[in-house]
Amino acid sequence: MPTGKRDGNQKSNGESAAEAIYRVVASIPPGQLASYGQVAELAGLPRQARRVGRVLSQLPADTRLPWFRVVNAAGKISFPVGSSGYQRQLNHLIDEGSAFADGRLRWRDCRL
DNA sequence: GTCCTGACGAGCG
DNA sequence: CCGCTCGCCAGGA
(Lines give C-alpha, C1' and ligand atoms only; values in the text may rest on other atoms or scores of the structure.)
Protein backbone atom coordinates (compact mmCIF):
# COMPACT_ATOMS: atom_id res chain seq x y z
CA MET A 1 0.00 0.00 0.00
CA PRO A 2 1.60 3.11 -1.29
CA THR A 3 1.71 6.22 0.81
CA GLY A 4 -1.99 6.17 0.97
CA LYS A 5 -2.73 8.93 3.36
CA ARG A 6 -6.06 9.19 1.78
CA ASP A 7 -8.28 7.17 4.03
CA GLY A 8 -9.56 9.91 6.26
CA ASN A 9 -12.85 8.47 7.37
CA GLN A 10 -13.88 6.21 4.64
CA LYS A 11 -15.49 2.96 5.44
CA SER A 12 -13.99 -0.04 3.76
CA ASN A 13 -16.83 0.22 1.32
CA GLY A 14 -15.28 3.24 -0.22
CA GLU A 15 -18.14 5.17 1.23
CA SER A 16 -17.31 8.58 2.67
CA ALA A 17 -18.70 9.71 5.98
CA ALA A 18 -21.03 12.11 4.20
CA GLU A 19 -22.26 9.34 1.93
CA ALA A 20 -22.95 7.11 4.90
CA ILE A 21 -24.89 9.92 6.53
CA TYR A 22 -26.92 10.53 3.38
CA ARG A 23 -27.71 6.85 3.20
CA VAL A 24 -28.87 6.68 6.80
CA VAL A 25 -31.00 9.81 6.58
CA ALA A 26 -32.56 8.54 3.37
CA SER A 27 -33.43 5.32 5.17
CA ILE A 28 -35.53 7.00 7.82
CA PRO A 29 -39.11 5.90 7.20
CA PRO A 30 -41.90 8.48 6.93
CA GLY A 31 -43.49 9.31 10.22
CA GLN A 32 -40.36 8.43 12.14
CA LEU A 33 -37.70 10.65 13.60
CA ALA A 34 -34.05 10.18 14.39
CA SER A 35 -31.60 12.23 16.40
CA TYR A 36 -28.31 13.47 15.01
CA GLY A 37 -26.47 11.16 17.36
CA GLN A 38 -28.61 8.25 16.24
CA VAL A 39 -27.90 8.98 12.61
CA ALA A 40 -24.20 9.33 13.33
CA GLU A 41 -24.11 6.01 15.08
CA LEU A 42 -26.04 4.23 12.36
CA ALA A 43 -23.68 5.74 9.84
CA GLY A 44 -20.77 4.25 11.70
CA LEU A 45 -19.69 7.57 13.20
CA PRO A 46 -20.33 7.30 16.90
CA ARG A 47 -20.04 10.50 18.90
CA GLN A 48 -20.05 12.58 15.73
CA ALA A 49 -23.49 14.08 15.84
CA ARG A 50 -21.91 17.38 15.00
CA ARG A 51 -20.64 16.00 11.75
CA VAL A 52 -24.21 15.03 10.83
CA GLY A 53 -25.48 18.52 11.53
CA ARG A 54 -22.67 19.93 9.45
CA VAL A 55 -23.46 17.67 6.50
CA LEU A 56 -27.15 18.45 6.65
CA SER A 57 -26.42 22.17 6.80
CA GLN A 58 -24.70 21.84 3.46
CA LEU A 59 -27.55 20.07 1.76
CA PRO A 60 -28.95 21.86 -1.29
CA ALA A 61 -32.46 23.25 -1.09
CA ASP A 62 -33.61 20.75 -3.67
CA THR A 63 -32.23 17.73 -1.89
CA ARG A 64 -34.35 14.61 -1.79
CA LEU A 65 -33.11 13.60 1.63
CA PRO A 66 -35.70 13.69 4.41
CA TRP A 67 -33.42 15.86 6.52
CA PHE A 68 -36.48 17.18 8.31
CA ARG A 69 -36.82 13.80 10.02
CA VAL A 70 -33.65 14.49 11.91
CA VAL A 71 -34.01 16.29 15.22
CA ASN A 72 -31.76 16.75 18.24
CA ALA A 73 -31.50 14.44 21.22
CA ALA A 74 -34.03 16.57 23.08
CA GLY A 75 -36.57 15.49 20.50
CA LYS A 76 -36.94 18.99 19.13
CA ILE A 77 -36.12 20.89 16.00
CA SER A 78 -32.59 22.20 16.17
CA PHE A 79 -33.37 25.60 14.74
CA PRO A 80 -34.23 28.77 16.58
CA VAL A 81 -37.99 28.89 16.99
CA GLY A 82 -39.45 31.11 14.30
CA SER A 83 -36.52 30.82 11.93
CA SER A 84 -37.18 29.81 8.35
CA GLY A 85 -35.40 26.51 8.85
CA TYR A 86 -37.57 25.81 11.84
CA GLN A 87 -40.73 26.63 9.98
CA ARG A 88 -39.68 24.57 7.00
CA GLN A 89 -38.86 21.50 9.05
CA LEU A 90 -41.94 21.80 11.23
CA ASN A 91 -44.06 22.15 8.13
CA HIS A 92 -42.77 18.88 6.70
CA LEU A 93 -43.17 17.07 10.00
CA ILE A 94 -46.71 18.30 10.46
CA ASP A 95 -47.41 17.22 6.92
CA GLU A 96 -46.31 13.72 7.85
CA GLY A 97 -48.17 13.77 11.09
CA SER A 98 -44.98 13.75 13.13
CA ALA A 99 -45.59 17.09 14.77
CA PHE A 100 -48.27 19.41 16.09
CA ALA A 101 -48.75 22.97 14.95
CA ASP A 102 -47.30 24.26 18.19
CA GLY A 103 -43.94 22.75 17.39
CA ARG A 104 -44.46 19.77 19.65
CA LEU A 105 -43.03 16.66 17.96
CA ARG A 106 -44.35 13.17 18.17
CA TRP A 107 -41.18 11.48 19.22
CA ARG A 108 -40.51 8.23 17.46
CA ASP A 109 -37.01 6.93 17.21
CA CYS A 110 -35.85 5.30 14.11
CA ARG A 111 -34.57 2.17 15.83
CA LEU A 112 -33.40 0.15 12.90
C1' DG B 1 -0.20 25.94 10.26
C1' DT B 2 -3.80 28.07 13.96
C1' DC B 3 -8.32 29.93 15.48
C1' DC B 4 -13.30 30.17 15.34
C1' DT B 5 -17.77 28.46 14.37
C1' DG B 6 -21.42 25.07 14.00
C1' DA B 7 -28.96 22.02 11.95
C1' DC B 8 -24.99 18.04 18.61
C1' DG B 9 -24.73 15.47 23.19
C1' DA B 10 -24.02 14.48 27.93
C1' DG B 11 -22.84 16.12 32.45
C1' DC B 12 -23.03 19.40 36.41
C1' DG B 13 -24.64 23.09 39.56
C1' DC C 1 -35.92 24.88 33.89
C1' DC C 2 -31.56 27.50 32.66
C1' DG C 3 -26.76 28.21 31.70
C1' DC C 4 -21.94 26.59 31.29
C1' DT C 5 -18.16 23.22 30.02
C1' DC C 6 -16.04 19.71 27.47
C1' DG C 7 -15.62 16.43 23.78
C1' DC C 8 -15.81 15.57 18.68
C1' DC C 9 -14.88 16.64 13.80
C1' DA C 10 -14.85 19.40 9.45
C1' DG C 11 -14.20 23.58 6.90
C1' DG C 12 -13.43 28.43 6.12
C1' DA C 13 -10.66 32.73 7.20
Side-chain angles (χ1 to χ4, degrees):
Chain A
M1 39 55 67
T3 69
K5 302 201 137 211
R6 289 244 91 249
D7 46 306
N9 304 11
Q10 280 187 345
K11 308 190 81 196
S12 309
N13 276 341
E15 185 176 58
S16 68
E19 288 291 316
I21 291 171
Y22 296 144
R23 191 163 61 63
V24 173
V25 174
S27 71
I28 301 173
Q32 282 200 322
L33 303 175
S35 69
Y36 294 88
Q38 179 89 53
V39 172
E41 200 169 322
L42 290 172
L45 304 164
R47 250 52 122 165
Q48 294 186 70
R50 221 161 190 168
R51 176 98 80 93
V52 176
R54 191 147 183 76
V55 170
L56 295 187
S57 72
Q58 295 167 103
L59 286 174
D62 57 354
T63 182
R64 307 280 250 113
L65 289 176
W67 58 269
F68 45 84
R69 293 182 191 142
V70 184
V71 296
N72 60 32
K76 304 196 168 208
I77 292 174
S78 271
F79 282 108
V81 179
S83 66
S84 59
Y86 178 88
Q87 294 286 342
R88 209 162 5 258
Q89 181 164 14
L90 181 58
N91 197 344
H92 284 296
L93 294 179
I94 291 174
D95 197 51
E96 295 193 341
S98 292
F100 298 100
D102 63 343
R104 201 105 112 95
L105 302 187
R106 277 189 89 179
W107 179 242
R108 298 176 180 233
D109 347 359
C110 198
R111 304 240 175 172
L112 308 175

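Scope of the values below: all heavy atoms of this structure, side chains included, with no hydrogens, waters or symmetry mates. Sequence lines set the chain letters: A, B, ... in the order given, protein chains first and strands last, and positions in each chain run from 1.
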Pairs under 3.5 Å (N/O, protein and nucleotides 11-13 of chain C):
residue	atom	partner	partner atom	Å
C:dG11	O4'	A:Arg54	NH2	3.4

Problem set entry | Set of residues satisfying ring pair (Phe, Tyr, Trp, His ring centres under 6.0 Å) with respect to A:Phe68, sequence neighbours excluded |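 For A:Phe68 the ring pair (Phe, Tyr, Trp, His ring centres under 6.0 Å) partners, ignoring immediate neighbours, are A:His92.
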Using the test side-chain contact (heavy atoms from CB on, under 4.5 Å), find all partners of A:Arg47 that sit at least two apart in sequence or belong to another chain.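 Checked A:Arg47 against side-chain contact (heavy atoms from CB on, under 4.5 Å); zero matches.
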Letter by letter from the 5' end, nucleotides 8-13 of chain B scores (B base, S sugar-phosphate only, - none; protein heavy atoms under 4.0 Å) BSS---
Do A:Val25 and A:Pro66 make a side-chain contact, defined as non-hydrogen atoms from C-beta onward lying under 4.5 Å apart?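 They are in contact (side-chain heavy atoms under 4.5 Å apart), so the answer is yes.
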Sequence neighbours left out, what passes side-chain hydrogen bond (donor to acceptor under 3.5 Å, both in side chains) with A:Asp109? Give chain and number order.
->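 Here the qualifying residues are A:Trp107, A:Arg111.
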Run the side-chain contact (heavy atoms from CB on, under 4.5 Å) test against A:Pro80 and tell me which residues pass, sequence neighbours left out.
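In terms of side-chain contact (heavy atoms from CB on, under 4.5 Å), with neighbours along the sequence ignored, A:Pro80 is linked to A:Ser83.
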Return the set of residues passing side-chain contact (heavy atoms from CB on, under 4.5 Å) with A:Ala73 (not counting sequence neighbours), or none when no residue passes.
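Result, side-chain contact (heavy atoms from CB on, under 4.5 Å) vs A:Ala73: none returned.
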Practice item. State which residues pass side-chain contact (heavy atoms from CB on, under 4.5 Å) with A:Gln87; sequence neighbours excluded, sorted by chain then number. Key: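 Partners of A:Gln87 under the side-chain contact (heavy atoms from CB on, under 4.5 Å) test: none.
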Under 4.0 Å, heavy atom to any atom of DNA chain B: which of residues 90-102 of chain A qualify?
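Per residue number, the list is empty: none.
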Could you pull out all donor-acceptor pairs under 3.5 Å where a side-chain atom in residues 26-37 of chain A meets a protein atom, sequence neighbours excluded?
residue	atom	partner	partner atom	Å
A:Ser27	OG	A:Val24	O	2.5
A:Ser35	OG	A:Gln38	N	3.0

What is the minimum heavy-atom distance between A:Val55 and A:Tyr22, and which atoms define it?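 Answer, listing the atom of A:Val55 first, then A:Tyr22: CG1-CE2, 3.4 Å.
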| query | Looking only at heavy atoms, what is the nearest atom pair of A:Ile21 and A:Arg51, with distance? | reply |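 That closest heavy-atom pairing would be CD1-CG, 4.1 Å.
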* Asked: Which ones in residues 81-88 of chain A lie close to DNA chain B, meaning a heavy atom under 4.0 Å from one of its atoms?
  ->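 When residues 81-88 of chain A is checked for heavy atoms under 4.0 Å from DNA chain B, there are no hits whatsoever.
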Nearest heavy-atom pair of A:Gln89 and A:Val70: which atoms, and what distance?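 Closest approach of A:Gln89 to A:Val70, heavy atoms only: NE2-O, 2.9 Å.
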* Asked: Taking only residues at least two apart or on different chains, which pairs with a member in residues 52-67 of chain A satisfy side chain to side chain donor-acceptor pair (under 3.5 Å)?
  ->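 Of all non-adjacent pairs touching residues 52-67 of chain A, none passes side chain to side chain donor-acceptor pair (under 3.5 Å).
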